[in-house]
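Following: one structure in structure tokens, then a few remarks.
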Amino acid sequence: MGIFGRKRRQAQDPEEAGAEAGSGDERVATADGAGDADDGAGASPADRVDGASGPYDEADAPDDGVPRMDLGSVRVPVPDGSQVQVEMDQQGGNVRAVHIVVPQGQVTVSAYAAPRSGGQWRSVSDELAEQLRGDGAKVSLGRGEWGMELSAVIGEMALRFIGVDGPRWMLRGVIAGPQTQAAEAPEVLRDIVRGTVVVRGDAPMPVRTPLPVRLPDQVAQHIAAQQSGQG
């Protein structure tokens, strides 16, 4: 994977624009998405066998040879030529989010604990739409590959949210980018979501709890080196 460096947090990102994000200072490390396969670089979400479509539970993950970035609770394909940004909580030192930056915008894929009965995305999307409208966004709902998709426009930024209910997990993907890329952005997001594997684990967790994110060793080492350099 490429050389990492700190990057200032963007003025608006998908986590700020209606996502369940906490406050606090962050550091963001970036790297080119063209490197070692173990880090998920160079993966093409379109490389699927027999037209199979995810996202997949770990128990049903295909042996399709697609390299994925292993983040612990999710294994995400990273399109060739993209960048990976790691958003850190500077005070606690924890990972807040991992973003994939593509020409169409910034993609964030997150997994949450959910009830066995499913249906969590519907209630989450309703609340998300209400929150976005409260922030002054123009919001529209539509049907997509997995059900409800939510679109929002805030200033010059366009967002698309996708949710998928799985066995005891819910996966949420969002892409945020300029309105000039809004036509292409949803399919880019869908491709990444289709190729994602969710690792729920067996531990009991309250519903809506974010599943923990663990950085690949190489990424974690770069961030640790950056933090040591600041000391």
Side-chain angles (χ1 to χ4, degrees), residues 1-23 25-34 40-46 55 69 71 74 76-88 95-110 121 124-125 127-164 171-196:
M1 188 170 280
I3 298 175
F4 283 72
R6 289 194 308 277
K7 184 176 181 180
R8 285 186 177 273
R9 191 182 185 189
Q10 298 176 359
Q12 283 187 314
D13 64 31
E15 296 300 322
E16 287 181 323
E20 300 105 351
S23 60
D25 296 331
E26 295 86 19
R27 293 186 181 133
V28 179
T30 65
D32 293 334
S44 172
M69 179 171 55
L71 298 174
V74 289
V76 184
V78 179
D80 189 30
S82 62
Q83 286 188 331
V84 175
Q85 294 183 349
V86 181
E87 188 176 335
M88 302 291 295
V95 180
R96 289 196 61 209
V98 177
H99 310 293
I100 301 170
V101 181
V102 295
Q104 294 77 16
Q106 176 179 285
V107 177
T108 310
V109 178
S110 308
W121 169 240
V124 168
S125 63
E127 294 170 10
L128 181 57
E130 182 178 355
Q131 181 179 348
L132 286 163
R133 291 188 181 104
D135 292 337
K138 181 180 179 181
V139 178
S140 59
L141 305 177
R143 298 288 297 179
E145 187 169 339
W146 300 278
M148 180 68 67
E149 292 188 4
L150 187 154
S151 300
V153 176
I154 304 177
E156 297 301 317
M157 178 181 289
L159 302 100
R160 177 66 65 99
F161 293 84
I162 292 175
V164 184
L171 186 70
R172 187 189 66 187
V174 54
I175 185 167
Q179 290 192 50
T180 55
Q181 297 292 327
E184 299 178 8
E187 191 54 38
V188 173
L189 174 60
R190 293 184 192 110
D191 279 346
I192 293 175
V193 168
R194 287 188 198 107
T196 296

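Below, all heavy atoms of this structure are taken into account, side chains as well, without hydrogens, waters or symmetry copies. Since we're looking at a predicted model, the values are computed, not measured.
Considering every non-hydrogen atom in both Val98 and Thr108, the closest pair reads O-CG2, 3.9 Å. When all heavy atoms of Met157 and Ala176 are compared, the closest pair comes out as SD-CB, 3.8 Å. The minimum heavy-atom distance linking Leu171 with Pro55 is given by the pair CD2-CB, 3.6 Å. Between Ala183 and Pro186 the shortest heavy-atom distance is O-CD, 3.8 Å. In terms of heavy-atom proximity, Trp121 sits nearest to Met148 at NE1-O, 2.9 Å. In this structure, Ile100 and Ser82 approach most closely via the heavy-atom pair CG2-OG, 3.8 Å.
Atom NE2 of His99 sits about 6.5 Å away from atom CD of Gln85, to the nearest 0.5 Å. Distance check, rounded to the nearest 0.5 Å: CG of Leu141 to CD of Glu149 gives 10.5 Å. Note that the CD atom of Gln104 and the OG1 atom of Thr180 stand 10.0 Å from one another [nearest 0.5 Å]. To the nearest 0.5 Å, the span separating CG on Leu150 from CG on Leu128 amounts to 5.5 Å.
Under the 4.5 Å side-chain criterion, counting only non-hydrogen atoms from C-beta, Thr196 is in contact with Pro77. Contact annotation: the side chain of Pro79 approaches that of Ile192 to within less than 4.5 Å [non-hydrogen atoms, C-beta and beyond]. Two residues are said to be in side-chain contact when any heavy atoms from C-beta on lie closer than 4.5 Å; Ile162 and Arg172 fail this criterion.
The neighbour count for Glu187 CD, taken as heavy atoms of other residues, nucleotides or ligands under 6.0 Å away, is above 12.
By the salt bridge (charged side-chain N to carboxylate O under 4.0 Å, His left out) test, Glu184 is found to be paired with no residue, residues two or more places apart in sequence or in another chain being considered.
Under a 3.5 Å cut-off, the side chain of Gln179 and the backbone N or O of Gly155 do form a donor-acceptor pair.
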